[in-house]
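Data first, discussion second: the structure below is written as structure tokens.
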Amino acid sequence: MAAARLSIQNLHKSFSVPVLTGINLTVKRGEIHGLVGENGAGKTTFGSILAGFVSKDNGMITLDGVEYEPSGPKDAFEAGISCAAQELSLINPLSVTENIALRKLPHSCSVISGQELEQRTRSILQRVGLGSLDPDTRTGTLGLAERQLLEFAKSVFLDCRVLILDEPTAALTAQQASVLHEIVTGLAASGTSVIYISHRLQDVLEVSDNVTVLRDGRIVTTAPAGSMGVAELMEYMSGDFQTGNKTARCAAAQTPEPVLEVEHITTEELPHEISFTARAGEIIGIAGLSGSGRSELLNALFGLTPLTGGAISRHSAGEKVRISNPGTAKRSGMAYLGEDRQSMGLYPGHPVLTNMMVPGDLQGVASMSLLDNRREAAAAEKLVEELSVKCDGLDQDIDQLSGGNQQKILIARWLYCNSDIFLFDEPTRGIDVGTKNMIYNLMFDLRHEGKTILFTSSEIEELMAVGDRIFVLSRRKLVETFTADNWSETEILAACFREFATRTPHVH
Amino acid sequence: ADSEQTAQGSAPGADRPTIALVMKSLANEFFVTMADGARAHQELNDERYDLVINGIKNEVDLAQQVALIDQMIASNVDAIVISPADSKAVVPALARAETAGIIIINIDNRLEKDILSEYGLTIPFVGPDNFLGAEMVGTHLASKLAPGDQVAILEGVPTAFNSQRRTAGFRKAMKDAGMNIVAQQSAQWDQTMAVTVTAAILVQHPDLAAILCSNDNMALGAAAAVSQAGKEDQVQIVGFDNISALHDLIRGGNVLATIDQHADLLAVYGIEFALEALQSDLPLEDKTTPVDLITGTSIE
Amino acid sequence: MRSLVKENFIFASLILLVIFFGLAADNFFSLVTLRTILNQLPALTVVTVGMTLVLIVGGIDLSVGSVLGFCATIVGMAMMNWDFSIVTACFLAIGAGIICGSVNGILAAYLALPSFIVTLGMLEMARGMAYITTDSQTMYIGASIQKLALPISGTGVSPALVIALSTVFAAQFILTRTVPGRHIVAVGANTRAARMSGIDTKLYRMVVLAVSGALAGLGGIFNAAYLGAADPNAGAGMELAAIAAAVIGGTSLMGGRGSVAGAFAGVLIIAILQNGLAQLGVSEPAKRLITGGVIIIAVFIDSWRIRRDRMRTG
Amino acid sequence: MRSLVKENFIFASLILLVIFFGLAADNFFSLVTLRTILNQLPALTVVTVGMTLVLIVGGIDLSVGSVLGFCATIVGMAMMNWDFSIVTACFLAIGAGIICGSVNGILAAYLALPSFIVTLGMLEMARGMAYITTDSQTMYIGASIQKLALPISGTGVSPALVIALSTVFAAQFILTRTVPGRHIVAVGANTRAARMSGIDTKLYRMVVLAVSGALAGLGGIFNAAYLGAADPNAGAGMELAAIAAAVIGGTSLMGGRGSVAGAFAGVLIIAILQNGLAQLGVSEPAKRLITGGVIIIAVFIDSWRIRRDRMRTG
Ligand SMILES: Nc1ncnc2c1ncn2[C@@H]1O[C@H](COP(=O)(O)OP(=O)(O)OP(=O)(O)O)[C@@H](O)[C@H]1O
Ligand SMILES: Nc1ncnc2c1ncn2[C@@H]1O[C@H](COP(=O)(O)OP(=O)(O)OP(=O)(O)O)[C@@H](O)[C@H]1O
Ligand SMILES: [Mg+2]
Ligand SMILES: [Mg+2]
């Protein structure tokens, strides 16, 4: 832990507006350097410049004393800089093995050496806690958490001098995250420098040696992690510190009126029958380890996967509607937010406005199927403001927004249309702490209006902070239901592991 | 070179008439020869007239030929010499041309009389008799066969009038000579398709004695298929059009005969006719151009 | 406003082309030329409108040319052999187009087969049916149908052109200003996301292919009117012309992006090109070379727009 | 093994087809039929291999048929007018193919124009050049080139077929077992992610189109050998046949998924179909109807595989 490995002087980058301004930063050999900031602060852009995905406008970077200016990603990892991207860079039709090794497939005369590769892959999968995964599986069939772990595995597959991790744990459970943190600490100990970007501030403080806070593309502070607390970080990030008003939850008026009745449902992926009733004005959190079937349950509720048994019915105004496909689900006032924003949400190449307004039933901005462009823009404008989305305007291409801001647009999509039941799969993934509180408040508002929310999260604290009830899934089985007055984090966690207790645990 | 011609046409003071030659596919050797003949004629008679040559991309693209006629009306030509892609459907467009005061001469493929009279048009026809040509080459073929022999016919695009006339001529010659027509299929005027179809026919009818092809491209294809099957000695082939690529095969005895319809002169006849009509008001008579049988001896 | 700027570049190609032919050919700048070109437009225009919608929703329709031919023969048979009125004949033709399109749609959307292959199959089958309908003969119809293609007295534009232009306007309006239009774009841009928003993606895919079939039927009527005859070979190769027009006009083959107005500009480019080359009387090989070059140059010019758009925002 | 199971369904269509023709046509089950079919394969096979690679990388190559025709005329000219040896002539033809393909590749990859349009332009231009080369005449070559298409004595397979099959094996091997092969799949499946992994996506797009051009050149040689003549119209419409073969064989038009072995099965289906229909001597309209139907049924059968795959992996 001595020499400067990476030194950045006066780095500038603008797209249409400045994104990074006058960045000066030094990362030592074997240092883990945390990087935090609000959505759109410029963290990913910073990492992308180092990883050669985008080029800098100005400034000087030196790597181990040598000037470093990558002409592309290949240059970067040949120089020893590796990056686990926020928007995962896995290739669906390729196998797990091929994806992990894609940057440097071992070969002789271009023919891939299968055996050597498989061994290395197995050992690395073992290390990241995916030991039970078949290396020949096509990546496209995996869940989000597994994909995120693979992205990580991919970036540590090659030895590197600098490792950039852009929100590596956003979709991971606490257990998976700690496995990952162990590996990262190990790598640092052996001399690798790590730049660790995350919105999980507690994690950042625990793992990092030093932390840098970015605000609007400028560094506001760099300090040893030990000298800071979460609250302090948040203050630096936003410039003006305020916590979300968590007391709102007590004000919620729960009516006993059932709005969604789930009777003995099973699907291919959820072999054990699930039944429950959701009422108007309640928030249900769904907990579970990765692969426990949380997404699967929400998919089934929205009619995206066919049921193999049981029935889902929606009650409203004395009527009972069977949910059998997304069309009926939406018409009966249900809304769904998928966990993977890239493949399940965004309309790439289209402006913010279209992305925000398409999927809703466009009520309020359309009459008789005719759109009123002015009303549409006004409505979108209002949401952008409410969720403090950072974008250049409603015309900006959605691909150009930062990950967290894209997520906000997707949430906004559903807030606008008149849904009564919200199914949100990891709604706060990649969203900064300040905005998270804003979203919690929005959820409380919805509950106050008598709406129902079912949402999943890999953070149990979040589920406990917002939920009125928490369902726990373990090995695709609904094992327990907690209510606000009888839960504790240890009990919930224990329930998550319950089905694994007798068998080999899936997650270390 | 072609655009130069048009440029010349616009030379101030030149009051030479412009004649438009509208043809079928200029990708087909037959029409290319026709166009070359016309072009050569124009060069010799530069002081008498200007020439614009147009063809359609693909022989069956009727709408494009109608568009061509309209375009020629728009560019104010004095006469149109046309080889119609269809004997009925271009008549309305030609009526428009007539109204615009343009002289029209029909070559190669005869327009239907009923429809011409419905539009009150009298358009003289200059061209060969496809039926007669087909019958001629068919009769020559029959003289090399024994009655009862199996023969096959390769048609062009089945909707094409020429193809239909030639097929009819072939059939008549074969019937008259007592041959047994065992197959009649379309190879779409196309050489590669002709190999494929012929190969299949040879499998199905191993004793086949002759193949009558509605054009020489298909004859070339048929010859390739026959030689691949090793049946050069057993199967006789005749074609139609007399393209140069066939000459080697005729000399070598792989193809028996073809019909020359004097493509190089066909358009010239039409143009001469048009020039005549531009000068006098006398009504023009139809004119049948010669078709000649081409065999190994006539090539020498 | 925004979409006007967007189409600017494609209109630039158009104007360049017109100027070029104006200088090169004697009588290019004339009312007759204009009328000739306008007369040629209707069939390709309506077919391209359908194609554009199909491309935007993420499919492709190779059968348009054959379906056009088949529907033209239906018009011919209906008027000449079955003695129906022209109106009934037109309804029959459009009905035939809808049936072909719906078969495409059902196979592509509900059996999840690639639309490329389904419509390639239909390309063969519809042509076969066209041959069967008229026994491989061109069928003369005459003045009764031609009036559709002839200028309405005193105006210079034909009923066919009016209908075709209305189709362009209607489709562009639907695409940009209505909810189904938005949904079509969404399905094409990200089918999975659209489905997860409760949009009935299969229904849209199916309906759009059916609409394309209906428009091919309309195109068949226009073709018959233009020729005064029902030609069983009508529309051969038209699928590529229609796709080229759409893509020149800024429609993406990957779905999710496209403009009917731009596609119409593409149709104009193709028509003007054909016309101008014919007036110049260039040889067939030269025509091919020039056509190929112009197609490439047109998208190249259009690609500046995309690049500039990208520059502006990023 | 895995890929064998994968291709099972497509081979099922193949077997069904063979059985059908075996029952319907008298002499279908014969060595002669087999040889006839084998003789037809080489040109379409190599062109389809190129097309499959282009489709997998996420592009499309509509120019293959025209480039094949152009290269065939180059062979003809080189041997007949320029008096080159057959070997030199073949190199020239393949060189011409590579040039056409590289032009496609440069425009599509480095100027980022849609490959559909670029190759559509090349379709026109290469055909124009084919006409210019031979002055639109078919050029008779004769036995010197035909020996490529005739069986090597004692074996029953022609050199052309041997080369074509080697191409299939080589391409399948490259695609599944080598680094460039996996990169091609990566580029086609997710260009952005591939770029982030340090893959030179533009280079791959460009090279694959150039390879497709080279294979079209090879196809031109095979076509000339098959005909014993250089036909400037050779290969017209072959692009659709090649795409159909690839898609029937499980290749996705969206890129990232495909199999050369499957595409070869697609070629077999098309060849057997053509041959069987010609042996039956059915009428042209019936041929069209049956061809269309078989194409659709073949992908329909193949779609079961995809559905089962999806079921199996969730
Ligand atoms: N290609 C681009 N074109 C224009 N603007 C861009 C582009 N890429 C990023 N931006 C802008 O740069 C800013 C910083 O984005 P960046 O992705 O670096 O943020 P971030 O700190 O990683 O945010 P998050 O926490 O949401 O991931 C954002 O305002 C974004 O809109
Ligand atoms: N970590 C994992 N281990 C094993 N299988 C997994 C894992 N993650 C996802 N899967 C697979 O994905 C399918 C769907 O799981 P689902 O996405 O519902 O899980 P989840 O609880 O939402 O987990 P997460 O979103 O964290 O991946 C499961 O049937 C399983 O096959
Ligand atoms: Mg980011
Ligand atoms: Mg999940």
Side-chain angles (χ1 to χ4, degrees), chain B residues 25-33 35-36 55 57-58 152 155 157-159 182-206 215-217 219-221 223-225 227-230 241 243-252 254-255, chain D residues 25-28 30-37 39-40 43-44 68-69 72 76 80 124 127-128 130-131 134-143 146 149-151 158 223 225-238 271 274-285 287:
Chain B
S25 170
L26 273 178
N28 180 325
E29 179 170 350
F30 179 74
F31 294 102
V32 174
T33 314
D36 287 345
K57 188 161 144 182
N58 136 357
E155 296 178 275
V157 173
T159 47
V182 292
Q184 175 180 330
Q185 288 195 50
S186 167
Q188 309 281 329
W189 299 128
D190 180 77
Q191 209 172 330
T192 310
M193 184 75 106
V195 189
T196 307
V197 171
T198 307
I201 292 176
L202 287 173
V203 174
Q204 196 67 6
H205 306 285
N215 78 352
D216 281 350
N217 274 328
L220 274 173
S227 85
Q228 277 164 24
D241 279 353
I243 66 173
S244 54
L246 205 68
H247 290 177
D248 284 333
L249 288 173
I250 294 180
R251 270 192 217 104
N254 303 55
V255 172
Chain D
D26 301 334
N27 298 318
F28 192 80
S30 69
L31 258 179
V32 200
T33 303
L34 183 67
R35 222 184 46 212
T36 308
I37 292 176
N39 264 334
Q40 266 169 257
L44 184 59
L68 180 145
M80 305 311 288
E124 296 287 338
R127 188 63 72 194
Y131 292 150
T134 64
D135 197 16
S136 306
Q137 319 253 322
T138 301
M139 196 168 228
Y140 180 70
I141 306 178
Q146 272 185 298
L150 293 176
S158 64
N223 183 276
Y226 183 56
L227 297 177
D231 171 14
N233 282 311
M238 198 183 241
Q274 267 192 1
N275 204 35
L277 289 177
Q279 283 199 20
L280 287 182
V282 299
S283 70
E284 183 66 21
K287 269 186 194 167

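The figures here come from the full heavy-atom set of this structure, side chains too, leaving out hydrogens, waters and symmetry mates.
Nearest heavy atom pair, residue D:Ile37 against residue D:Ala271, reads CG2-CB, 4.2 Å. Heavy-atom minimum distance, D:Leu68 versus D:Met238: CD1-SD, 3.6 Å. For D:Gln40 against D:Tyr226, the heavy-atom pair with the smallest separation is CG-OH, 3.2 Å. Considering every non-hydrogen atom in both B:Gly221 and B:Ala194, the closest pair reads CA-CB, 4.1 Å.
In this structure, chain D has a heavy atom under 4.5 Å from the side chain of B:Gln185, while its backbone stays farther away. Contacts between D:Tyr131 and chain B at a heavy-atom distance below 4.5 Å involve the side chain alone, from C-beta outward. Neither the backbone nor the side chain of B:Ala183 comes within contact range of chain D, judged by heavy atoms closer than 4.5 Å. Of the two parts of D:Leu150, only the side chain, counted from C-beta on, holds a non-hydrogen atom closer than 4.5 Å to a non-hydrogen atom of chain B. Interface remark: D:Asp231 contributes backbone and side-chain atoms alike to the contact with chain B (heavy atom separation under 4.5 Å). For D:Asn39, the part sitting under 4.5 Å from any heavy atom of chain B is the side chain, from C-beta outward, and nothing else. Heavy atoms of D:Glu284 lying under 4.5 Å from chain B belong exclusively to its side chain. Looking at B:Asn254, neither its backbone nor its side chain comes within 4.5 Å of chain D, counting heavy atoms on both sides. With a 4.5 Å cut-off on non-hydrogen atoms, B:Val32 touches chain D through its side chain but not through its backbone. Only the side chain of D:Thr36 comes within less than 4.5 Å of a heavy atom in chain B; its backbone stays farther off.
Residues satisfying the side chain to side chain contact (heavy atoms under 4.5 Å, CB included) test with D:Ala236, not counting sequence neighbours, are D:Arg127. B:Glu155 pairs by the salt bridge (Lys or Arg N to Asp or Glu O under 4.0 Å) definition with nothing, not counting sequence neighbours.
With rounding to the nearest 0.5 angstrom, the OG1 atom of B:Thr192 is 10.5 Å from the CG atom of B:Leu220. Note that OG of D:Ser158 and CD of D:Gln146 are 12.0 Å apart. Values are rounded to the nearest 0.5 Å.
Between chain D and the residues B:Thr198, B:Val195, B:Asn217, the most heavy-atom pairs under 4.5 angstrom are made by B:Val195. Chain D forms more heavy-atom pairs under 4.5 Å with one residue of B:Ala199, B:Ser186, B:Ala245, B:Ala224 than with any other, namely B:Ala245. Options B:Ile201, B:Leu249, B:Ile243, B:Asp36 differ in how many heavy-atom pairs under 4.5 Å they form with chain D, and the most are formed by B:Leu249.
Side-chain contact, D:Asn275 with D:Thr33: no donor N or O sits under 3.5 Å from an acceptor N or O.
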